[in-house]
2 protein chains.
Amino acid sequence: MTSSAEENYLKAIYKLHEKSGNMVTTSALAETLKVSAASVTDFIKKIASKKLVSYEKSKGVKLTDKGRLIAVNIIRKHRLWEVWLVNKLEFKWDEVHEIAEQLEHIISDDLVDHLDKHLGYPTADPHGDLIPDSKGRFAKSNSKPLLECVKGEKVKFIGVADHSNNFLQYLTKNNLSLGDEIMVEAVEEFDNTFTVRVNRKENKIFSKEVVKNLLVAVV
Amino acid sequence: MTSSAEENYLKAIYKLHEKSGNMVTTSALAETLKVSAASVTDFIKKIASKKLVSYEKSKGVKLTDKGRLIAVNIIRKHRLWEVWLVNKLEFKWDEVHEIAEQLEHIISDDLVDHLDKHLGYPTADPHGDLIPDSKGRFAKSNSKPLLECVKGEKVKFIGVADHSNNFLQYLTKNNLSLGDEIMVEAVEEFDNTFTVRVNRKENKIFSKEVVKNLLVAVV
DNA sequence: ATATACATTTAGGCTAACCTAATTATACTT
DNA sequence: AAGTATAATTAGGTTAGCCTAAATGTATAT
């Protein structure tokens, strides 16, 4: 009933809405899905008639509850597969996205259940993104960008806002991993360069661009 | 370049050829792929023009080396995934086929390599079918149907010829698993009913229909 | 309020993989 | 060798998901 194309549209709408909080525009969808705006208009009409989105012509789309459930389920599967790829198959965190994009479309509720159990019911993927439960519910998260922390704050690195391979590889190269403890030693007022102490050992210096994308939780 | 449809056609041609030894007919393909004969003729022309099969009009098709390599690679992936489903995810051997039919089309050589390693480089799937290596080579097998064994022969149960859920469930119900040692106690001449001793413990009685589909190796 | 820019939709087409119905080829029987 | 049954192919059509080009809507600046 639900094709891969449909799942990808719903997932894209979900993520774009999450980012902006607004209705999702045709052009934004065309951009993220790498198809023409005309194709998006076409497709939107189809999924609107299936009550997966509500559509206001020339204004944009919003997911219905039905559409959101499908989208979140795809996200759940994507993140579980990423956990598997990293924890069981020993892939690096910057190598798993494309493979998970394929695996997320495998259809079998049984498989998802067995996989979830095999992985020990993980609550976050290798990038710190929360994994919704099978009913589509997310745990509450109290993360914030390291940029918002002040001198003297002690926090834990629990996720990334930028998922690009470039950023992930930068962090790997600089030996920063999820779970590390970060203590803010100094913040340069002029350009927001942060000096932090990692795991009570070495000091490291990160630019504003970096600390903006490091998500942390107060310990 | 290679679509799922193409992979399924090549795999079907491979398996039908394996079974009959002859050119594969349009009708046999239509039957196994559950599409019309006209669709098969269409598709065959397409893959023939890509040199994946050699096609003699109205006679049938044969895989080229190029086509065979793709087919065997799909079979390799299918069987590796089945091993994973049974050994790591605790599925039963009669529950994995449909899921593996989807997983076999995931495209990533890296994934196959990692999976193979994760599974400890298995040489056979949960039904005893051999897993070809990444170059498409199969190990030599010296299995034969239990039906061909004579009284007094001691063999090991290493595979099934019939992969139907019915047969697999029959074996499960009768507590016969791959690796079991089978000693032929008696063969009823009239109807080929076999009386065998399993693992030097209980005696079991199997009909001709069953022993025909039990593949064994001399120990 | 109108011009300009940009976003969106409509119209018309394409390709992959299927279909049915009609036609042609092959094989089997007598 | 001809007739009949079966298999295979051809012709023409459908659907999903995409495209480009043209037309229409919306927003912004003057």
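Numbers restart at 1 for each chain; the letters A, B, ... are given by sequence-line order, proteins then strands.
With sequence neighbours excluded, the residues that form a side-chain contact (heavy atoms from CB on, under 4.5 Å) with A:Thr2 are A:Glu6, A:Glu7, A:Ile70. Partners of A:Asn22 under the side-chain contact (heavy atoms from CB on, under 4.5 Å) rule, at least two apart in sequence or in another chain, are A:Ser20. Every residue meeting the side-chain contact (heavy atoms from CB on, under 4.5 Å) condition with B:Leu119, not counting sequence neighbours, appears here in chain and number order: B:Leu80, B:Val83, B:Trp84, B:Lys88, B:Leu115, B:Pro122.
Annotation: B:Asp109, atom CG; neighbour count of heavy atoms from other residues, nucleotides and ligands within 6.0 Å does not exceed 12. When the shell of 6.0 Å around NZ of A:Lys50 is examined, it contains more than 12 heavy atoms from other residues, nucleotides or ligands.
Note: CD (B:Glu56) to C1' (C:dA25) measures 15 Å, nearest angstrom. Atom-to-atom, NE2 of B:His105 to P of C:dA17 comes out at 12 Å; the value is rounded to the nearest Å. A straight line from CG of B:Leu16 to C1' of D:dA7 spans 16 Å, rounded to a whole angstrom. Counting to the nearest Å, the P atom of C:dA16 and the CD1 atom of B:Ile44 are 17 Å from each other. One interatomic measurement links the two molecules: CE of A:Met23 to P of C:dA7, which rounds to 18 Å at whole-angstrom precision.
Phosphate contact (OP1/OP2 of C:dA25, side-chain N/O of B:Lys59, threshold under 4.0 Å): absent. Look at B:Lys45 and you'll find a side-chain N or O under 4.0 angstrom from OP1 or OP2 of D:dT10. Taking side-chain N and O atoms only, B:Thr26 has a distance below 4.0 Å to OP1 or OP2 of D:dT9.
Base contact: A:Thr41 has a heavy atom under 4.0 Å from a base atom. If you check every strand for non-hydrogen atoms under 4.0 Å, B:Ser27 touches sugar and phosphate atoms only.
Between the side chain of A:Asn174 and the backbone N or O of A:Leu176, no donor-acceptor pair lies under 3.5 Å.
Ion pairing of A:Lys11 with A:Glu101 is present here, as a side-chain N (NZ or NE/NH1/NH2) and a carboxylate O approach within less than 4.0 Å. A salt bridge is defined here as a Lys NZ or Arg NE, NH1 or NH2 lying under 4.0 Å from an Asp or Glu carboxylate O, and B:Asp162 with B:Lys212 fails to meet this definition.
For the contact set between residues 47-55 of chain A and DNA chain D, defined by any heavy atom under 4.0 Å, there are no members.
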What does the B/S/- profile of nucleotides 13-19 of chain D look like, 5' to 3', with a 4.0 Å heavy-atom cutoff to protein? ---SSBB
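For residues 14-48 of chain B, the pairs satisfying ring pair (Phe, Tyr, Trp, His ring centres under 6.0 Å) are B:Tyr9-B:Phe43, with sequence neighbours left out.
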